[in-house]
Amino acid sequence: MAKDKKPNKLKARLPRGFVDRTADDIRSADDMIAKIKAVYEHHGFDPIETPTFEYTDCLGKFLPDTDRPNAGVFSVQDDDEQWMSLRYDLTAPMARHVAENINEIQLPYRTYRVGYVYRNEKPGPGRFRQFMQFDADTVGAPGVQTDAEACMMMADTMEALGIERGNYVIRVNNRKVLDGVMAEIGFGGDEHAESRLTVLRAVDKLDKFGPDGVRLLLGEGRKDESGDFTKGAGLSPENVEKVIAFTDGTLEMDNDGTRELATMQAIFDACGYGEDRIKIDPSVVRGLEYYTGPVYEAELLFDVTNEKGEVVQFGSVGGGGRYDGLVKRFVGRDVPATGFSIGVSRLMTALKNLGKLGNESMVAPVLVTVMDGDVDSLGHYMKMVQDLRAAGVRAELYQGNWKKFGNQLKYADKRGCPLAIIQGSDEKARGIVQIKDLEEGKRLSAEIEDNATWRESRPAQVEVPLAEMVDTVKKMLADQAADRETVRAATK
RNA sequence: GCAGUCGUAGCUCAGUUGGUUAGAGCGUCGGAUUGUGGCUCCGAAGGUCGGUGGUUCGAAUCCACCCGACUGUACCA
């Protein structure tokens with residue numbers, strides 16, 4: 001054999017912008033989803049699920065670009081040459097579902113859905129190419145009372161997740177108001193659609209760059225930290241000031257949009273949702289494409305620090321609005337709709353910071369160790385495991401090489417097992433088992449330096465008759481849980 | 001996409017003006033210890049020095065291009 005018989009090892013690597021989820025993450029996410037679901041169900045919404053793939057033309061009018069069919073979305077061609085894409089939000093697929101079943105669905109249709117969505121764009125801290133959204137929508141409801149309800153439900157959801165009042169705010173605006181502002185600065189007609197977008201994008205960055213940064217973007221342009229230059233909207237100085245005056249509330253408008261906002265405000269007042277929960281804010285822009293009326297977003301107000309300890313601008317964790325034209329694309333007649341989306345993945349990172357994540361992580365299983373590997377013994381050990389499970393105790397049998405007993409406890413230690421059950425032939429002959437408290441043993445290990453003593457003293461280990469094993473285990477686990485609770489209370 | 005910074009072991013990093021066979025700590029695995037985690041000691045495995053080409057007697061080191069990561073910015077339905 002040649003000595004360099006090393007074939008090129010395949011490099012194991014995760015596609016960028018994607019993450020593997022740990023056990024803790026999954027449990028936390030499940031916990032969050034359950035809480036959000038409870039709020040939506042309570043408000044009278046029913047679940048629906050659509051697939052992750054859709055025909056590209058059903059997702060939007062934008063794709064695929066023939067040169068770059070994967071720009072923004074992940075697209076593939078089916079074997080009949082049709083373009084399919086991974087969904088980039090949950091709203092467009094829902095609109096497709098409603099349109100396809102419009103004759104069977106009773107409108108207004110109140111529905112929620114949760115799932116992963118995919119975006120083929122540059123990932124960043126807290127921005128991934130696969131992430132989870134949780135949406136609720138009402139289709140076939142023309143009045144702004146539906147939008148108002150959505151805002152209040154978003155507020156309720158934040159609180160259900162443990163975010164205290166004052167730590168979040170739902171900000172509301174209306175696209176029709178923004179259209180009025182565009183008309184004011186002479187960007188009214190269709191021929192100015194592109195310029196309008198530039199202006200709206202600039203306004204959207206108010207929280208990121210502040211009024212002065214937005215002034216630059218509305219005017220000549222702005223240079224970023226790396227020295228790269230971004231071209232501005234090219235507005236005249238007086239128009240720049242007009243837009244800024246509107247966003248800070250100095251310039252008041254009077255049009256359909258402001259009247260709709262007034263109605264919504266009246267509903268918030270009637271229901272007791274004050275400005276500490278829902279606030280009308282003229283700088284909210286939100287999705288630039290299909291929104292036609294009210295738009296709203298949920299913003300977190302507490303500081304979020306990343307793993308490096310830096311405070312990061314977190315921005316919105318969810319948002320939505322009215323999209324009266326989305327279903328119409330399919331059915332031809334007006335089907336008004338409004339709804340919002342919560343970014344589960346983003347919210348989860350924020351909640352982790354706030355310590356509001358269910359981090360009472362699952363206790364590892366009790367480990368039944370194996371001293372003898374003969375058929376009878378294996379059956380006997382497995383029966384011990386089953387007895388523990390039948391009593392509601394999370395338990396497992398050691399599945400590695402049983403001949404190295406030290407490794408079994410090493411495994412139990414690293415896995416975080418609370419207890420280990422030991423029964424060799426001696427114990428078996430006497431009808432007893434050893435129950436080792438691994439947590440207590442870890443504490444004792446600090447006082448023992450010599451390995452021989454450490455092994456012989458068998459710290460934190462009790463002997464009980466086999467018949468009492470289950471009860472003793474349950475009692476020891478309960479004691480450990482109580483200890484953890486005391487420690488947690490003390491550190492608060 | 002544009003701009004900036006950076007790529008050496010699984011991880012964190014050292015590596016002199018360009019000079020033998022590229023090192024350390026941590027981690028992993030084995031042993032000291034056929035039936036007891038931790039500590040300690042001993043040993044081992046682990047590297048296309050991001051890639052390709054060039055300069056040179058000689059390149060981890062210098063040059064060019066490419067790839068990748070990070071940060072900012074743009075886009076984000």
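In what follows, chains carry the letters A, B, and so on, assigned in the order in which the sequence lines appear, proteins first and then strands, with residues in each chain numbered from 1. FYI, side chains are in, hydrogens and waters are out, and symmetry mates aren't considered; it's all heavy atoms of this structure.
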### Task
Please state whether the phosphate of B:G1, meaning OP1 or OP2, lies under 4.0 angstrom from any side-chain nitrogen or oxygen of A:K231.
no

### Message
For the CZ atom of A:R322 and the OG1 atom of A:T292, what is their distance to the nearest 0.5 Å?
### Response
6.5 Å

## Note on the structure
Answer for the Watson-Crick or wobble partner of B:G47, both distances under 3.5 Å, is none

### Message
Under 4.0 Å, counting only non-hydrogen atoms across every strand here, what does A:E427 touch: a base, just sugar-phosphate, or nothing?
### Response
base

### Integer-rounded Å distance: B:U28 P and A:Y411 OH
16 Å

### Query
Between B:A77, B:U28, B:G30, which nucleotide gets closest to the side-chain atoms of A:N407?
B:G30

## Note on the structure
Separation of B:G1 atom C1' from A:D224 atom CG, nearest Å, is 13 Å

#### Entry: Atom pair distance, as rounded to whole Å: CZ in A:F229 and C1' in B:A3
14 Å

### Message
Given 3.5 Å as the limit, does a donor-acceptor pair link the side chain of A:D137 with the main chain of A:T111, or not?
### Response
no

#### Entry: G-U wobble or Watson-Crick pairing nucleotide for B:G25 (cut-off 3.5 Å, both distances)
B:C11

### Task
Determine which nucleotide pairs with B:G68, using a 3.5 Å limit on both distances of a Watson-Crick or G-U wobble pair.
B:C6

#### Entry: Nearest-nucleotide pick for A:R458, side chain only, options being B:A77, B:G35, B:C29
B:G35

### Task
Tell whether A:Q461 reaches the base of B:U36 with its side chain through a donor-acceptor pair below 3.5 angstrom.
yes

### Message
Between C1' on B:G35 and CD1 on A:I421, what's the gap in Å once rounded to a whole number?
### Response
16 Å

### Between CD on residue A:Q480 and CG on residue A:D483, distance to nearest 0.5 Å
7.5 Å

### Message
Does atom NZ (A:K205) have a neighbourhood of more than 12 heavy atoms from anything else shown, all under 6.0 Å?
### Response
yes

### Message
Between the base of B:C76 and the side chain of A:R127, is one N or O donor paired with an acceptor at under 3.5 angstrom?
### Response
yes

### Message
If the cut-off is 4.0 Å, is A:W454 near the phosphate of B:U36, judged by side-chain N/O to OP1 or OP2?
### Response
no

### Message
Between the base of B:G37 and the side chain of A:E439, is one N or O donor paired with an acceptor at under 3.5 angstrom?
### Response
no

### Task
Report yes if the ring of A:Y290 lies under 5.5 Å from the six-membered base ring of B:A77 with planes under 30°, and no otherwise.
no

### Query
Going by an N to O cut-off under 4.0 Å, is there a salt bridge joining A:R443 and A:E440?
yes

### Nearest-angstrom distance, P atom, B:G46 to B:C41
24 Å

### Task
Could you tell me whether A:F209 contacts a base, only the sugar-phosphate backbone, or nothing, with contacts defined as non-hydrogen atoms closer than 4.0 Å?
sugar-phosphate

### Query
When the P atoms of B:U71 and B:G31 are considered, how many whole Å apart are they?
43 Å

### Query
Does A:K404 make a side-chain N or O approach to OP1 or OP2 of B:G31 shorter than 4.0 Å?
yes

### Summary
Between NZ of A:K410 and C1' of B:G37 the distance, given in whole Å, is 8 Å

### Query
Can A:R215 and A:D212 be counted as an ion pair, charged N to O under 4.0 angstrom?
yes

### Task
Would you indicate what A:D437 reaches in the nucleic acid, counting non-hydrogen atoms under 4.0 angstrom: base, sugar-phosphate, or nothing?
base

### B:C6 versus B:C13 - spacing of their C1' atoms, nearest Å
14 Å

### Query
Expressed as a whole number of Å, how far does the C1' atom of B:G19 sit from that of B:A60?
13 Å

### Query
Considering only side-chain heavy atoms of A:L409, which listed nucleotide, B:G37, B:A77, B:G72, is closest?
B:G37

### Query
What nucleic acid atoms does A:T369 come within less than 4.0 Å of, heavy atoms only: base, sugar-phosphate, or nothing?
nothing

### Query
With sugar-phosphate meaning primed atoms plus P, OP1 and OP2, does A:I422 contact a base, only sugar-phosphate, or nothing at under 4.0 Å between heavy atoms?
base

### Query
Between A:K205 and B:C75, does any side-chain N or O lie under 4.0 Å from OP1 or OP2?
yes

### Query
Once you round it to whole Å, what is the distance between C1' of B:G35 and NZ of A:K436?
11 Å

### Message
Can you check the distance between B:G51 and B:G4, where both ends of the measurement are the C1' atom (answer in whole Å)?
### Response
22 Å

### Message
Nearest 0.5 angstrom please: A:K428 NZ to A:Q423 CD, how far?
### Response
6.5 Å

### hbond_proxy A:K403 side chain to B:U34 base (donor-acceptor, 3.5 Å cutoff)
no

### Query
How far does the C1' atom of B:U55 sit from the matching atom of B:G18, given to the nearest Å?
11 Å

### Span that lies between the P atom of B:C70 and that of B:U8, in whole angstrom
14 Å

### Task
Can you figure out which of B:G37, B:U73, B:U36 approaches the side chain of A:T230 most closely?
B:U73

### Query
Using purine N1 to pyrimidine N3 plus N6-O4 or O6-N4 for Watson-Crick, or N1-O2 and O6-N3 for G-U wobble, both under 3.5 Å, which nucleotide pairs with B:U17?
none

### Task
Rounded to the nearest angstrom, tell me the gap between atom NZ in A:K122 and atom C1' in B:G72.
7 Å

### Query
Has A:R16 got a side-chain N or O lying under 4.0 Å from the OP1 or OP2 atom of B:C70?
no

### Task
Classify the angle between the aromatic ring planes of A:F74 and A:F18 as parallel (below 30°), tilted (30 to 60°) or perpendicular (above 60°).
tilted

### Task
Hey, which sits more toward the 5' end of RNA chain B by its nearest nucleotide, A:W402 or A:N451?
A:W402

### Task
Could you let me know what B:G37 is paired to, Watson-Crick or G-U wobble, both distances under 3.5 Å, or none if it's on its own?
none

### Task
Using only heavy-atom distances, decide whether a donor-acceptor pair under 3.5 angstrom links the side-chain of A:R222 to the base of B:U73.
no

### Message
Once rounded to the nearest 0.5 Å, what's the spacing between atom CG of A:D413 and atom CG of A:N407?
### Response
12.0 Å

#### Entry: Whole-angstrom distance between B:A24 and B:A44, as gauged at atom P
11 Å

### Task
For the side chain of A:E121, starting at C-beta, report the closest nucleotide among B:C76, B:G35, B:A74.
B:C76

### Summary
If pairing means Watson-Crick or G-U wobble with both distances under 3.5 Å, then the partner of B:C75 is none

### Query
So, does the side chain of A:K208 form a donor-acceptor pair with the base of B:G72 at under 3.5 Å?
no

### Task
Could you state the atom-to-atom distance from CG of A:D20 to P of B:G10 in whole Å?
18 Å

